[in-house]
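Chain letters run A, B, ... following the sequence lines, proteins first, then strands; residues in each count from 1.
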There are 2 protein chains.
Amino acid sequence: MPPSTASDNGKPSRREQILTAAAELFARHGFHGVGIDDIGAAVGISGPALYRHFRSKDAMLGEMLTSISERLLDGGQRRVDGATDPATALRELVRWHVDFALDDPALITVQMRNLANLTDPDRRRVRALQRRYVEVWVDTIRETVSGADEPAARAAAHAVFGLINSTPHNAHLDRGQMAALLGRMALAALTAAGARDDGTPPTPAPAVAPAAGQVS
Amino acid sequence: MPPSTASDNGKPSRREQILTAAAELFARHGFHGVGIDDIGAAVGISGPALYRHFRSKDAMLGEMLTSISERLLDGGQRRVDGATDPATALRELVRWHVDFALDDPALITVQMRNLANLTDPDRRRVRALQRRYVEVWVDTIRETVSGADEPAARAAAHAVFGLINSTPHNAHLDRGQMAALLGRMALAALTAAGARDDGTPPTPAPAVAPAAGQVS
DNA sequence: ATCGGAAGTTAGCGTCCGCTAACCTGGCCG
DNA sequence: CGGCCAGGTTAGCGGACGCTAACTTCCGAT
């Protein structure tokens, strides 16, 4: 079998090296702002050698984004499935997304900014995966936060993604504090998403748990 | 005097037409993804005619981002100065930023994504303005939210920007509902930013005001 | 009536960039 | 030992892109 995503051993395959280097560059300069030669140089080979591993520059972005979307989706799905009640499910979702964003800021940035640069088939695929991920959030939000109708829950989910994904612009706190802060803020925001502007009291908050990630 | 930013009459100057069209395109495709001819076509003239109004493509982005940063900063500053107490100042800041993001999603998107494409002097200018804007937020947060030290307040500010700026990906709610939702979520998130992971109770929330904008 | 400048046009320059072609090389298998 | 192929090299093509040059047109002031 030709190496598709990785070898099962420890060291990352060439394809993976290239993808992570490219992700870093795409995140910093944008897709069109990075040349083939730049990506090559970043892994110590030069320019066209990349075409031994990828069919095109577009294909790199395509594979990068589909893989991110898949990881996000099934990580999130797994947390929700493993939770005993909706409130813990929501906490787990938040923790999952926070950990992801903190561990892979470049990937998160690329996914946020470079969707438009995909080829049409790739974009369709990625969009579909993202929709399903949002759906997981929307369902969990609606089970947890009272008074949130479906469009509001969807908007709230996107807003929380924006909140959590702000991580790349925040190098100043250490990982543990950052995870705790983002977790608290995200849960508070989600809880507030259900409050009505009439006098209806909001859901009494699903307990601000220590949502921090393992600080390695 | 040649028209610099606008004529004082009603209709927008050519420069302004060009800048808003360019902002739309930059937001959708990224700076490098948009050609001079595309921008020209978007305002009904073709390609090089733009150089009657701007010295270069970089200059367009430069002027666009400085103007956004200036508007954000002094709008925010004005709201804070006009507020009687820190809690209302914070509510006003949130409302101001929400209104801005809802009224000009393209501009907000460009500012978030295309800072890296500026020339060095332009980037320095914009960065400086942004830093001052963040400072306004940080100060207000620290006066309002107890238990938020300076780095945490800074991170919280960035997180709330991310939350509010998620607007462009949310066409599904109408403007009034969206403004209210984002305002509620942002204030809740900020309040939670001060909560400690030990048992210290958080600040009792500065009253979720009807933060919606005028729905025209 | 004239003339000057603001605002457009098309042609075309130089450069950069994605990608292909042709060639080299070292390690593994028969 | 010989040959193959994965993985690398450099040279170069073709197209796109930013920008300039040269020329036209329209309008408003003298």
Q.
D:dC17, OP1 or OP2 - any side-chain N/O from A:H32 closer than 4.0 Å?
A.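 So the side chain of A:H32 is outside the cut-off, no N or O lying under 4.0 Å from OP1 or OP2 of D:dC17.
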
Q. Has B:R14 got a side-chain N or O lying under 4.0 Å from the OP1 or OP2 atom of C:dA6?
A.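 Checking C:dA6 against B:R14, no side-chain N or O comes under 4.0 Å of OP1 or OP2.
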
Less than 4.0 angstrom from a charged side-chain N to a carboxylate O is my criterion; do [X] and [Y] meet it?
X: A:D122; Y: A:R125; value: yes
X: B:D81; Y: B:R78; value: no
X: B:R71; Y: B:D104; value: yes

Write down the distance between [atom1] ([X]) and [atom2] ([N]), rounded to a whole number of angstrom.
X: B:M60; N: D:dC17; atom1: CE; atom2: C1'; value: 13 Å
X: B:R52; N: D:dT24; atom1: CZ; atom2: C1'; value: 11 Å
X: B:L50; N: C:dG8; atom1: CG; atom2: P; value: 9 Å
X: B:H53; N: C:dA6; atom1: NE2; atom2: P; value: 11 Å
X: B:L25; N: D:dC17; atom1: CG; atom2: P; value: 13 Å
X: B:L61; N: D:dC17; atom1: CG; atom2: C1'; value: 17 Å
X: B:I39; N: D:dC19; atom1: CD1; atom2: P; value: 10 Å
X: A:I36; N: C:dC16; atom1: CD1; atom2: C1'; value: 13 Å

Any idea which of [options] is nearest the [X] side chain?
X: B:I45; options: C:dC19, C:dG8, D:dG8; result: C:dG8
X: B:S46; options: D:dT9, C:dT9, D:dG18; result: C:dT9
X: B:P48; options: C:dT10, D:dT9, C:dG18; result: C:dT10
X: B:Y51; options: C:dT9, C:dT20, D:dG18; result: D:dG18
X: A:K57; options: C:dT10, C:dG18, C:dG8; result: C:dG18

Q: Search all heavy atoms of A:A189 against all heavy atoms of B:L163 and return the closest pair with its distance.
A: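 What the structure gives for the nearest pair is CB-CD1, 4.1 Å.
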
Q.
So B:V34, base contact, sugar-phosphate only, or nothing? Heavy-atom distance under 4.0 Å.
A.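 The residue B:V34 makes sugar-phosphate contact but no base contact.
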
Q: Using only heavy-atom distances, determine whether the side chains of A:D38 and A:H29 contain a donor-acceptor pair under 3.5 Å.
A: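 Side-chain D/A pair, A:D38 to A:H29: absent.
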
